[in-house]
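Read through the structure below, which is laid out as structure tokens, and then see the notes.
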There are 2 protein chains.
Amino acid sequence: MAKTKDSNTEGNILASAENIFQSKGMDGARMQEIADKAGINKAMLHYYYRSKQLLFEAVFNKAFSLLAPQLNVILNDDSTIEDKIKNFTSSYISFIMKHPYLPSFILQELNRNPKFAKKLQENQNFPNLEKFKNQVNLEIEKGILKPIKGEQLFINVLALSIFPFVASPLIKIFLKSSEKEYKQLMKDRKTDVSDFIIKSIKA
Amino acid sequence: MAKTKDSNTEGNILASAENIFQSKGMDGARMQEIADKAGINKAMLHYYYRSKQLLFEAVFNKAFSLLAPQLNVILNDDSTIEDKIKNFTSSYISFIMKHPYLPSFILQELNRNPKFAKKLQENQNFPNLEKFKNQVNLEIEKGILKPIKGEQLFINVLALSIFPFVASPLIKIFLKSSEKEYKQLMKDRKTDVSDFIIKSIKA
DNA sequence: GTCTATAGCCAGATAGAC
DNA sequence: GTCTATCTGGCTATAGAC
């Protein structure tokens, strides 16, 4: 169906697989549907990726490798906590608005299969929280921030940025809002979220 | 296997179905596994619930009817916004700690099947946000709260309360924390979350 | 009400022609 | 590399004995 066909079959397959896996999950996805979307035959999926499991892992790993680097905005640069939070919430929400299925997909599959979690943990450049925690403590000592545990602050930043996308159907119901109103609300959050956090933690 | 057997077969089935559906989702769940867990035969599932779909709906509806009333703490009682938030975050987090799979289950299935969302929307006593929004505006006018949109505040309260459970595998990786440490962190959030919010919005 | 056995279908995977 | 045809297994659901 929706082909970006450069007769680049392997790429077409991966693109279609992303679309299907990310919206239906591993268990709900059908190889036939992926093949249809790529405009090719089911046998080709196995020719290029051997099995459903391996095709799925290609999609999952790519998705994770897109999301993870975004975290370095908050973990690995040298600005103040306030600036980090402003930059992160804004850029992360922008990013997710372009890929709204990614967070639920990752979380759902991590819940489904703890093996993925183990694999990620043993990973090379998995984001490290230590620097962030130290910086938070330092800024508290300096009187820049009110006392707060670095872990909780980090969780709060993620929660406020990501949750509205994971829970989008629920939020649309609560707010009785159209798709358009929902999107506007998410746009607003690019600054609303950091304002909300900064107000809470700034001394 | 794990039976609470009073030879109450229908109840046993529902309990086992909750366990399996909530951890594996509709697509990943197997009728055989539910039967095994209930210590009965597969045919009995169909005898009592006719089909997988209907059994699933029984589980989903029960789960939702457990979660929704908790929202009335924040939407339908008469205390101040500050008290509502304190009560809600504490009681909701306590509740979810006892049923950690519920939120991801509901969100996953709402994402998978928009029909459920539609059904809920048309529902009788679905929580209504209007009262909360009006109260927020009133307290802002009175100078009790700093300016904030009621919708965003509501989303923030939900996000901070629920997200850590939906994202538990991810959070455990980030924090390199054991199950025990994770649980302690969630316990702490019963008060940490409301403190965090109140600091941000109180004038 | 509860069981065994099986029908019927569907999905993942492979064989083999082109 | 790409296709059609087919194998094989697993899953929901039902028939029918007890």
Side-chain angles (χ1 to χ4, degrees), chain A residues 1-63 105 108-109 112-113 115-116, chain B residues 1-63 105 108-109 112-113 115-116:
Chain A
M1 308 244 164
K3 288 174 281 187
T4 321
K5 196 170 213 175
D6 313 325
S7 72
N8 169 14
T9 307
E10 189 166 354
N12 285 343
I13 292 176
L14 192 62
S16 306
E18 282 170 7
N19 189 302
I20 302 295
F21 276 131
Q22 286 172 17
S23 57
K24 310 210 166 178
M26 169 67 175
D27 295 328
R30 293 294 162 251
M31 295 295 267
Q32 185 62 59
E33 202 177 355
I34 295 171
D36 289 348
K37 178 147 286 218
I40 49 130
N41 193 278
K42 217 175 29 157
M44 298 302 288
L45 304 182
H46 292 94
Y47 178 79
Y48 281 102
Y49 289 91
R50 187 112 196 128
S51 71
K52 184 184 183 184
Q53 179 64 28
L54 287 173
L55 178 54
F56 172 80
E57 284 174 21
V59 171
F60 184 88
N61 290 333
K62 188 177 166 196
F105 171 66
Q108 180 187 329
E109 297 302 331
R112 191 180 60 85
N113 190 351
K115 276 186 190 168
F116 281 118
Chain B
M1 305 237 167
K3 288 173 281 187
T4 322
K5 196 170 211 171
D6 312 326
S7 73
N8 169 14
T9 307
E10 188 166 354
N12 285 343
I13 292 176
L14 190 62
S16 306
E18 283 170 7
N19 188 303
I20 302 294
F21 277 130
Q22 285 172 18
S23 58
K24 309 210 166 177
M26 170 68 176
D27 294 329
R30 292 295 161 250
M31 294 295 266
Q32 184 62 60
E33 201 176 354
I34 296 171
D36 290 348
K37 178 145 287 216
I40 49 133
N41 191 278
K42 222 178 20 158
M44 296 303 287
L45 305 182
H46 291 95
Y47 178 78
Y48 281 101
Y49 289 90
R50 187 108 196 130
S51 71
K52 184 183 182 182
Q53 179 64 28
L54 288 173
L55 178 54
F56 171 80
E57 284 173 20
V59 170
F60 183 89
N61 291 333
K62 187 177 167 195
F105 171 66
Q108 181 187 328
E109 298 301 333
R112 191 180 61 85
N113 190 349
K115 276 186 192 169
F116 280 119

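Any value given below was found using the heavy atoms of this structure, including those in side chains, with hydrogens, waters and symmetry copies removed. In what follows, chains carry the letters A, B, and so on, assigned in the order in which the sequence lines appear, proteins first and then strands, with residues in each chain numbered from 1. All values reported here derive from a predicted model rather than from experimental measurement.
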Given side chains that start at C-beta, do those of B/H46 and B/M31 come closer than 4.5 Å, heavy atoms only? yes
Check whether any side-chain heavy atom of B/I40 sits under 4.5 Å from a side-chain heavy atom of B/N12, and report yes or no. no
Within 45° of the six-membered ring axis of B/F56 and under 6.0 Å from that ring's centre, is NZ or CZ of B/R112 located there? yes
Near DNA chain D, which residues from residues 42-54 of chain A have a heavy atom under 4.0 Å away? A/A43, A/M44, A/Y47, A/Y48
Locate the shortest heavy-atom distance separating A/S16 from A/I34; write the atom from each residue and the value. CB-O, 3.6 Å
Determine yes or no for a side-chain-to-main-chain donor-acceptor pair under 3.5 angstrom, with A/K37 supplying the side chain and A/A15 the backbone. no
Indicate whether any N or O donor in one side chain lies under 3.5 Å from an N or O acceptor in the other, for B/E109 and B/N113. no
Residue from A/Q22, A/E18, A/M26 passing side-chain contact (heavy atoms from CB on, under 4.5 Å) with A/F105: A/Q22
Any side-chain to backbone donor/acceptor pair from A/K52 onto A/A29? Under 3.5 Å, distance only. yes
Reading DNA chain C from 5' to 3', where do the contacts with chain B start and stop? Cut-off is 4.0 Å to heavy atoms. C/dG1 to C/dT4
Atom CD1 of B/I20 and atom CD of B/Q32: how far apart are they, to the nearest 0.5 Å? 11.0 Å
Here the residues of residues 17-30 of chain A within 4.0 Å heavy-atom distance, strictly under, of DNA chain D are none
Should A/L14 and A/Y49 count as side-chain neighbours, where that means a heavy-atom distance under 4.5 Å? yes
